[in-house]
Each structure stands twice: as structure tokens, then as C-alpha cells.
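Predicted model only: the values in this text are computed from it and were never measured. Just the heavy atoms: all of them, side chains too, but no hydrogens, waters or symmetry mates, feed the values below.
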Amino acid sequence: MRATCVSAAGACAAAPASQQRPSRSRAPAGGFSAALRGAAVQQGSAGRRAGRQGRLAVQARDFPKPAFEDEKTFQEMAAISAAIKAAPRPQHPLSVVIAGAGLAGLSTAKYLVDAGHKPIVLESRDVLGGKVAAWKDEDGDWYETGLHIFFGAYPNLMNLFKELNIEERLQWKEHSMIFAMPDAPGEFSRFDFPEALPAPFNGIFAILRNNQMLTWPEKIRFALGLLPAIVFGQPYVEAQDDKTVTEWMRKQGVPDRVNDEVFIAMAKALNFIDPDELSMICVLIALNRFLQEKHGSKMAFLDGAPPERLCQPMVDYITARGGEVRMKAGVKNIELNEDGTVKQYNLLNGEAITADLYVSAMPVDIVKKLMPEPWGQMEFFSRLDKLVGVPVINIHIWFDRKLTTVDHLLFSRSPLLSVYADMSTTCKEYHDPNKSMLELVFAPAEKWIGRPDEEIIAATMKELERLFPNEVAADGSKAQIRKYKVVKTPLSVYKTVPDCEPCRPTQRTPIRNFYLAGDYTKQRYLASMEGATFSGKLCAQAIAEDWNTSSVKPSQPAKEPAMA
């Protein structure tokens, strides 16, 4: 059976083997003969082999690491890390089984070993990372589940990189946000944040200096609309969860053109959906961090594939301290004791895993699928029904030449594409001085997720023709495609539509020996890499608080009633 998608689940249950790999590469219809395609791929492979031999000499054009240590949010996250390490050592280190080796599961395990416990991480696939998974193709080239960008406004991740001693793996780019210009093909509009100014003045200056996208009256009305969020902070932001971005803008008197010029691109980058669906809380949280932290909107690329460059160091840290990570160990079901607590995880391979505590770090859609029937009748768990993963398509296209692009993330402002980057320029591991590899996020993807790869690539090429009119033609008559990969994730991060906030669960559950981690759980960074890793830290913190000083093991009868 031909593979059609990659599941984003950290520990997907009972998924067919055909759904555990991305789509095969094919040349697009139109403009290429089979013989020419084969010759191009062979030439490209030889070029890549030569390039890989000299890879150590690659010097990407990076900017210095920002001074995060001065930010209040960074210090808050450092304090949580320190508190977990300083927690009283448990009388009996607990065995904790964690389903899912994505960022949430690995983060949970990392901080559990810091707290003195023995986590066992179960992963259904043969690759780490969950929603940041990546694979090597037959030529040794990487392709990823998504285009992953690390923001300065991710204080938990910045602490994690520091704690793992891998900060140098982040390639920081110029402090700018760069948008394609639909009315001026091949041109870009920049919001450049001056280094000399503190927040929020650097962001205000960047907005005011850009005259290509918004007029002065539009800027002023936009700024006035955002003023309550800046003044009243998080309480105001959370109160906007019941409105879509479009509804909020109209209520605040923000011109529709601001939506067309800015918010469509931002909404698709944040949650892969359009502003008329996205809850305004998502945009306001991002804008608040970008405007209130000097380095908040700075962006970095990881210097290689996330499973190797981020996830593996987490695994090494965990296993060096007594933890364990098992691959190809997917959870089939959760078996309960008579009192409704977890008895064991039954695996797809027939094995049963028992432990003192159990954690699910799987995506919310998988959690709902595996939920024992008695739990589904509890309000805590039944509220999860509103949280549904959004479909996402990630595209990689290798071209036969170097395109004129920018060493940065680019907002395409396309009806079909969200953001993209020339990874051969932005990332050391993918560097190629002679040929480009574009990685693009195709969103919204709901109407496209079931379509053939050829149609998706053809539609993408039409958009690229607009972005690179002098270099790319939809019929393939200019820059030629050497190969491509289409990675489909039918259920990715939860769709942040209005009124989701009350449905997001805490890491503690009503079940005495069962905890949750995942970007959908309650934490202030929503559906993001930062949200996933922060949820894992909060989960480990909750376990340490509940059990590190307890003389009773979770497997023993509770002395007190189970938590509400």
C-alpha cells in the first residue's frame, strides 16, 4: 500500500503501517519526462554527496544569541527548573510510564529524572519527536513534519537548550518579520526591529517604519485596537477567547485591510487556519510576547533535524540519569483497576507495562481514542471533545538551482501557503550553495489533505511562480524540481477556535495515578513547541509536588479521597 501521510501522534495507537511514513517523492505533472527526472535526481544526489563531504566547513550567516537571561519570563522558567531539581528526594523513586516521545513526553521525562524519578517513555514509531519528527530519504536528505521556528518568546525552550548545553544549535536570524508582497511579485516587505530600543518601542518602531503594507491611519487604528491587551495584559487576553480574530478586529474598529495584510498570514502561521476561525486569544498571546519582550519576535532555526539535534540530547539526558526510552512501543489501550485508577498500559506488541504512575503525552485526538469508557463520563475528560487536531501539510521541494531568497522565515501571504524558508540557506545541516530546498507549510489544509500529492505540488508551484516570477514557472520551464516530499498530518495541534480555553485540562487529572502532558493541556503558550515542552515541565512539577514527600506509593490505597 502506498504511504499517504505521517501521523503526528507521539504514541499513536493501532495506526496502519502505511500511515507511518510520508508520501513518496514524485515529479509533478507537466514539463518533465521520466528520463529527464531520473537524470536530474542522479545529478542532484552526486552534488549533495559532494556537499556533505564539506559540510563541516559551512558557515551559516547567523546572529548572536539574544540575552534572554535578562527577561522575566526566562527567569521564571529557570526558577521552575531549579525548584524541580531542589525538590526533596522521594523516599522511593517512582516508576512513571509516559506514552509519547514528542516534546511533551520527553520534557516530562527530563524533569522527572531531575526530580529523582525513573521515567519510561513509550513511542509507537521508530522516530523521536512526535509533531517535530523528521526522516532521511534515500539520498540522505532530511524531510520534516513541519517548518519549526524557535522564537525568543519561548523561555522554557531557551532554558531547556541551556540545561542540555546545546544553545549553539540555534541559528538566530536578523530581528525582522518578512512578508511577501502579492501586488509586487518577487518583492518583500520587512518589519525590522532596531536592536538599540527596548520593548515595546522596538516593535512599535518596526510597525511605524513599514509603509508598504499599512497606511498611517490603519497603523494608528491597529495600535489603538491592541492598546487594551498591552495595558491590561493576560486577563484581557484570556477574556478574548470567545471571539475569532475577525470578530475582535471589527469590535475594536481595526480596518479590514489590516486583516488582509497581516492577520491572515499570522493566523495561518500560528494555528494553520484563517482569522475567521482562529480564536483571538492565540494572536494576542503571540503579540503580547512579541511586543513586551525585547527579543520575543526574534527567530532561530535549529541547525539540523529536530529528532537528532533536540530530541536525542533529551533522550541522552534521561537515560544517563536512569530513565528509559522505548521505540516501537505503541499503547493499545489503558487497563483500569476496580477503583478507576490505571492498572497498566497494554501495548500493541502484546506487552503490558505497569508502573507507579502513568502519563499520557499523546495528542488530544489519540487520548480521546484510548480513553477508558468510565473516564469519558467524567466532565474533566468529556470537555476534551471540543479539542480537535487541525490538518497540516508540509512540503519540501528540491530545485536544480539556487533561488533568490532570504536567510529567514518568510510569510507567503498566499491563499494556500502559510510560511516557507529556503532551508539550503537558513540551516547548516541542509546547506547547499548551488541548489535550493524550499520547505513550505500548506495551510489551511482541510480541503487538500485527501488530495493526491501531484495536485498539491501543482498548486504549490503556481504560488511559487508568483513568489519567484523570474525563476519559477508552474509548468516547470524555469527552475526544475529534482524531487519533492509531501508530509501530511491529518490531526496536528488542536484547532484554537473560540471557547477552547475552558476545555483544556490541567496536567493533574481526577485519576490519582494518571497525569497529562501535551500542548493542548493548560499552559500559557497554547499549541506550540513551547507549549508542549512547558506542559511536560508542569506535569513533572505536579508529580514532584504530589509524591516526592509522600510515604505512600501511588499503587497503594489512598489515605485521602482522590482529587476532584
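Around atom CG of Asn165, no more than 12 heavy atoms belonging to other residues, nucleotides or ligands sit under 6.0 Å away. Surrounding NZ of Lys462 are at most 12 heavy atoms belonging to other residues, nucleotides or ligands under 6.0 Å away. Within 6.0 Å of atom CD in Glu501, more than 12 heavy atoms from other residues, nucleotides or ligands are found, so the atom counts as buried in its surroundings.
In this structure, the separation between SG on Cys539 and OH on Tyr111 is 13.0 Å, given to the nearest 0.5 Å. In this structure, Phe68 CZ and Met158 CE are separated by 5.0 Å, a value rounded to the nearest 0.5 Å. Taking OG of Ser418 as the start and CD1 of Ile273 as the end, the distance is 11.5 Å to the nearest 0.5 Å. How far OG of Ser107 is from CE of Met314: 5.0 Å, rounded to the nearest 0.5 Å. From Leu270, atom CG reaches atom CG of Leu287 across 8.0 Å, with rounding to the nearest 0.5 Å. Between Leu467 atom CG and Leu410 atom CG the span is 8.5 Å, to the nearest 0.5 Å.
Listed by first then second residue, pairs satisfying ring-ring contact (aromatic ring centres under 6.0 Å, His included) with a partner in residues 277-304 read Phe151-Phe290, not counting sequence neighbours. Annotation: ring-ring contact (aromatic ring centres under 6.0 Å, His included) contacts involving residues 220-259, sequence neighbours excluded, comprise Phe222-Phe263.
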Candidate pair Asp276 and Thr244, rule side-chain hydrogen bond (donor to acceptor under 3.5 Å, both in side chains), full reasoning: CA-CA 6 Å; Asp276 58 353; Thr244 66; over 6 Å; no
Worked check of side-chain hydrogen bond (donor to acceptor under 3.5 Å, both in side chains) between Lys131 and Ser492: CA-CA 7 Å; Lys131 299 185 188 76; Ser492 182; 5.9 Å; no
Residues Leu526, Val493; criterion side-chain contact (heavy atoms from CB on, under 4.5 Å); working and verdict: CA-CA 9 Å; Leu526 300 179; Val493 297; over 6 Å; no
Full working for side-chain hydrogen bond (donor to acceptor under 3.5 Å, both in side chains) between Thr521 and Gln507: CA-CA 6 Å; Thr521 62; Gln507 287 75 38; 2.9 Å; yes
Step-by-step salt bridge (Lys or Arg N to Asp or Glu O under 4.0 Å) determination, Arg413 to Glu261: CA-CA 8 Å; Arg413 300 174 73 207; Glu261 296 294 309; 2.3 Å; yes
Full working for salt bridge (Lys or Arg N to Asp or Glu O under 4.0 Å) between Arg289 and Glu530: CA-CA 13 Å; Arg289 296 275 63 85; Glu530 174 70 5; over 6 Å; no
Derivation and outcome, side-chain hydrogen bond (donor to acceptor under 3.5 Å, both in side chains), residues Glu463 and Tyr420: CA-CA 12 Å; Glu463 293 301 307; Tyr420 70 96; over 6 Å; no
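Proximity of a side-chain donor or acceptor of Lys386 to a complementary backbone N or O of Pro502 within less than 3.5 Å is not detected. With Asn548 contributing its side chain and Ala87 its backbone, the two residues share no donor-acceptor pair below 3.5 Å. Side-chain atoms of Lys173 never come within 3.5 Å of backbone atoms of Asp407 as a donor-acceptor pair (strictly under, hydrogens ignored). With hydrogens and angles ignored, the 3.5 Å screen pairs a side-chain donor or acceptor of Arg257 with a backbone N or O of Met213.
Across Leu384 and Met371, no two heavy atoms sit closer than the pair CD1-CE, 3.8 Å. Among all heavy-atom pairs drawn from Val359 and Ile543, the shortest one is CG2-CD1, 4.0 Å. Shown here for Val127 and Pro307, the closest heavy-atom pair between the two residues is CG2-CG, 4.1 Å. Between Gln523 and Ser535, the shortest heavy-atom distance links the atoms CG-CB, 4.2 Å. Gln312 and Leu128 get closest at one heavy-atom pair: OE1-CD1, 3.6 Å. Heavy atoms only, all atoms of each residue included: Ser176 and His408 are closest at O-CE1, 3.1 Å.
Between Phe161 and Trp172, the distance from one ring center to the other does not fall under 6.0 angstrom. Between Tyr154 and Phe534, the ring centre distance reaches or exceeds 6.0 Å.
A parallel orientation is assigned to the rings of Phe381 and Trp375, their planes being inclined by less than 30° (bins at 30° and 60°).
With sequence neighbours excluded, the residues forming a side-chain hydrogen bond (donor to acceptor under 3.5 Å, both in side chains) with Lys110 are Asp114, Glu163, listed by chain and number. For Tyr525, there are no side-chain hydrogen bond (donor to acceptor under 3.5 Å, both in side chains) partners at least two apart in sequence or on another chain.
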Quick one: side chains of residues 72-80, donor-acceptor pairs under 3.5 Å with protein atoms, not counting sequence neighbours, listed by atom name and distance.
from	atom 1	to	atom 2	distance (Å)
Thr73	OG1	Glu293	OE2	3.2
Gln75	NE2	Glu69	O	3.0
Glu76	OE1	Arg524	NH2	3.0

Return all side-chain donor-acceptor pairs below 3.5 angstrom for residues 194-203, not counting sequence neighbours, or 'none' if the list is empty.
from	atom 1	to	atom 2	distance (Å)
Glu195	OE1	Lys298	NZ	3.3
Asn202	ND2	Lys294	O	3.1

